[in-house]
Amino acid sequence: MSGVIDIGFVELFAASALMLVAGIVSWRLSLGQEKNIAISTVRAFVQLLAMGFILIYLFQYQSWWLVLIVLLIMTLCATQIAVSRVKQSVKGLWLPTFASLLLSAITIAFIVVEGVIQPDPWYSARQLIPIAGMALGNAMSATAVATDRLFADMDSRSNEMFTLIALGATPREAAYPSIKAAVGAGILPTLATMCAAGIVQIPGMMSGQILAGANPVIAAKYQIVVLLMMSAATTIAIVVICFLTFRKRFSKEGYYLDVGIRS
C-alpha cells in the first residue's frame with residue numbers, strides 16, 4: 001500500500017473556504033459568531049501546524065523529559081479550555097480540573113501505551129503524544145459538560161438541598177443526585193461515539209491510519225483500543241471532578257449556599 005498523500009499548502013489554505021459555510025449561516029441568521037469562527041479557524045491552523053513541527057523535532061531528538069514537558073503543557077492548556085467552557089459561576093475550578101485531567105487522561109494514556117502498544121522506548125513520542133492528546137481532548141470536553149451539569153442541577157434543586165441539609169443530610173448526601181446526573185451526562189457522548197463507530201462513522205484514528213496506508217483491520221484494532229481508553233479516561237475525569245468540586249456550593253459548616261449568599 002502507498003503512504004499518505006501530502007497536501008500542499010496552497011490546497012490547505014484553499015480548504016479554509018469551507019469555513020465560509022459556518023460564517024454565512026452566522027451572518028444570515030444574525031448569530032454574531034463570525035469573529036469566533038474566524039478566530040477558531042486561525043487557531044486551528046496555527047496550533048495544529050505548530051504541533052506538527054514540534055512532533056517532527058520530538059521524533060528526531062526525543063527524550064523522556066521533553067515528552068513529559070509536552071504532556072504537561074497539553075494538560076495545562078486542556079485545563080484552561082475546560083474551565084473556560086463552564087458556564088456556571090464557580091470559583092476555584094482550575095486546580096480540581098487539572099487534577100482530574102492529569103489523573104484520568106494522562107494516567108490512562110500511559111497504561112494504554114505501555115500495556116497495549118508497548119513501544120520502544122517507553123516514552124516514544126510517536127505513540128504517547130497522539131494517544132494522550134485523544135484522551136485529553138475527550139476528557140476535557142466531558143469535564144466541562146459534567147461540571148456545568150453538576151452545578152446547574154444543584155441550583156435547580158436548591159429548595160430540596162436546603163431541606164435535606166436541615167434534616168441532617170451531609171453535603172455529599174444532598175448533592176449525590178446531582179453528581180449522578182452530571183456523571184451520566186458526561187458519559188453519554190462517549191457511549192454514543194462507541195455505538196456509532198464502524199456503522200455511522202469511521203473514527204479519527206482509524207481513518208488516519210487508513211489514509212496513511214495501514215491495513216484496515218490493524219487500524220480497527222487501534223481504534224477499538226482508543227475508544228475503550230477514551231471511555232475509561234472520560235469516566236474517571238468526570239467522577240473525580242464532580243467529587244472534588246461539589247463542596248463549592250456549601251459552606252465550611254455544611255450549609256448549602258444559595259445565589260444571594262455566595263462569595
Worksheet entry | Side-chain donor or acceptor of Ser124 paired with backbone N/O of Asp120 under 3.5 Å | no
Worksheet item: Would a hydrophobic clustering, with Ile, Leu, Val, Met, Phe, Trp and Tyr connected at side-chain separations under 4.5 Å, put Ile236 with Leu227?
Response: yes
Worksheet item: Parallel under 30°, tilted from 30 to 60°, perpendicular over 60°: which one fits the rings of Tyr57 and Tyr61?
Response: tilted
Discussion item. Is any side-chain heavy atom of Leu48 closer than 4.5 Å to one of Met51?
Written reply: no
Worksheet item: When Pro171 is tested against each of Phe246, Tyr255, Tyr256 for side chain to side chain contact (heavy atoms under 4.5 Å, CB included), which residue passes?
Response: Phe246
Discussion item. For Leu228, is there any backbone N or O sitting under 3.5 Å from a side-chain donor or acceptor partner on Ser231?
Written reply: no
Worksheet entry | Minimum heavy-atom distance Leu244-Ala99, with the two atoms named | CD1-CB, 4.4 Å
Worksheet item: Would you say the side chain of Phe110 lies within less than 4.5 Å of the side chain of Leu128, judging by non-hydrogen atoms?
Response: yes
Practice prompt. With rounding to the nearest 0.5 Å, note down the distance linking OG1 in Thr79 to CG in Leu136.
Written response: 8.0 Å
Discussion item. Tell me whether Val217 shares a hydrophobic cluster with Ile199, the cluster being built from Ile, Leu, Val, Met, Phe, Trp, Tyr side chains joined at under 4.5 Å.
Written reply: no
Worksheet item: Would a hydrophobic clustering, with Ile, Leu, Val, Met, Phe, Trp and Tyr connected at side-chain separations under 4.5 Å, put Leu66 with Trp64?
Response: yes
Worksheet entry | Least distance between heavy atoms, Lys248 atom then Pro96 atom | CE-CG, 4.3 Å
Worksheet item: Looking at CG of Leu71 and CG of Leu76, how far apart are the two atoms once the value is rounded to the nearest 0.5 Å?
Response: 11.0 Å
Item to complete: Would you give the length of the straight line joining atom CG of Leu102 to atom OG1 of Thr97, rounded to the nearest 0.5 angstrom?
Response: 12.5 Å
Practice prompt. Please work out which of the three classes, parallel, tilted or perpendicular, describes the rings of Phe13 and Phe45, given edges at 30° and 60°.
Written response: parallel
Worksheet item: Of the non-hydrogen atoms in Val113 and Pro119, which two are nearest, and what is the gap between them?
Response: O-CD, 3.1 Å
Worksheet item: Counting only heavy atoms not in Arg126, do more than 12 fall under 6.0 Å of its CZ?
Response: no
Discussion item. Between Thr147 and Val90, is there a side-chain heavy-atom distance shorter than 4.5 Å?
Written reply: no
Discussion item. When you compare the side chain of Phe250 with that of Ile165, does any pair of heavy atoms fall below 4.5 Å?
Written reply: yes
Item to complete: Show your working on side chain to side chain contact (heavy atoms under 4.5 Å, CB included) between Val226 and Ile131 and close with a plain yes or no.
Response: CA-CA 8 Å; Val226 167; Ile131 292 292; 4.1 Å; yes
Item to complete: Kindly give the heavy-atom pair with the smallest separation between Cys242 and Val183, and that separation in Å.
Response: SG-CG2, 4.2 Å
Worksheet item: Quick one: salt bridge (Lys or Arg N to Asp or Glu O under 4.0 Å) pairs with a partner in residues 30-46, sequence neighbours left out?
Response: none
Worksheet, complete the sentence: Shortest non-hydrogen pair, Ser104 vs Ala237, comes out as OG-CB, 3.3 Å
Worksheet item: Heavy atoms, side chains only, cut-off 4.5 Å: are Leu164 and Arg157 in contact?
Response: yes
Worksheet item: More than 12 non-hydrogen atoms from neighbouring residues, nucleotides or ligands closer than 6.0 Å to CH2 on Trp122, yes or no?
Response: yes
Item to complete: State, to 0.1 Å, how close Pro177 and Glu173 come at their nearest heavy-atom pair, and which atoms those are.
Response: CD-O, 3.8 Å
Worksheet item: Could you give the distance from CE (Met134) to CD1 (Ile108), rounded to the nearest 0.5 Å?
Response: 14.0 Å
Practice prompt. Spell out, as yes or no, whether a donor-acceptor pair under 3.5 Å connects the side chain of Gln88 to the backbone of Phe151.
Written response: no
Practice prompt. Examine distances only and state if a side-chain atom of Asp153 and a backbone atom of Ile179 form a donor-acceptor pair shorter than 3.5 Å.
Written response: no
Discussion item. Quick one, Met19 and Ile37 - any side-chain contact, counting heavy atoms below 4.5 Å?
Written reply: yes
Worksheet item: Roughly how far, to the nearest 0.5 Å, is CD1 of Ile106 from CD1 of Ile111?
Response: 11.5 Å
Practice prompt. May I ask you to decide if Met206's main-chain N or O and Gln223's side chain share a donor-acceptor pair within less than 3.5 Å?
Written response: yes
Fill in: Backbone N/O of Leu12 and side chain of Ser16: donor-acceptor pair under 3.5 Å
no
Fill in: Any Leu68 side-chain heavy atom under 4.5 Å of Tyr123 side chain
no
Discussion item. Can you confirm whether Ser207 sits close enough to Ile210 that some side-chain heavy atom of one is under 4.5 Å from a side-chain heavy atom of the other?
Written reply: no
Worksheet item: Quick one: do Leu58 and Ile56 end up in the same hydrophobic cluster if we chain Ile, Leu, Val, Met, Phe, Trp and Tyr together by side-chain heavy atoms under 4.5 Å apart?
Response: no
Practice prompt. Verify the neighbour count for atom CZ of Phe98: are there more than 12 heavy atoms of other residues, nucleotides or ligands below 6.0 Å?
Written response: yes
Item to complete: Mind checking the CG-CD1 spacing from Leu101 to Ile81? Nearest 0.5 Å is all I need.
Response: 10.5 Å
Worksheet item: Between Asp148 and Arg85, is a side chain to side chain contact (heavy atoms under 4.5 Å, CB included) present by the stated rule, with each step listed?
Response: CA-CA 9 Å; Asp148 245 343; Arg85 287 183 180 179; over 6 Å; no
Discussion item. Could you check whether atom CH2 of Trp94 has more than 12 heavy atoms from other residues, nucleotides or ligands sitting under 6.0 Å from it?
Written reply: yes
Discussion item. Side-chain heavy atoms nearer than 4.5 Å, only ILVMFWY residues, links allowed to pass through others: does that put Leu103 and Val145 together?
Written reply: no
Worksheet item: What do the steps show when you test Asp155 against Arg249 for salt bridge (Lys or Arg N to Asp or Glu O under 4.0 Å), and what is the final call?
Response: CA-CA 9 Å; Asp155 288 344; Arg249 280 290 190 262; 3.1 Å; yes
Discussion item. Take a 6.0 Å sphere around CD1 of Ile7 and say whether it holds more than 12 heavy atoms from other residues, nucleotides or ligands.
Written reply: no
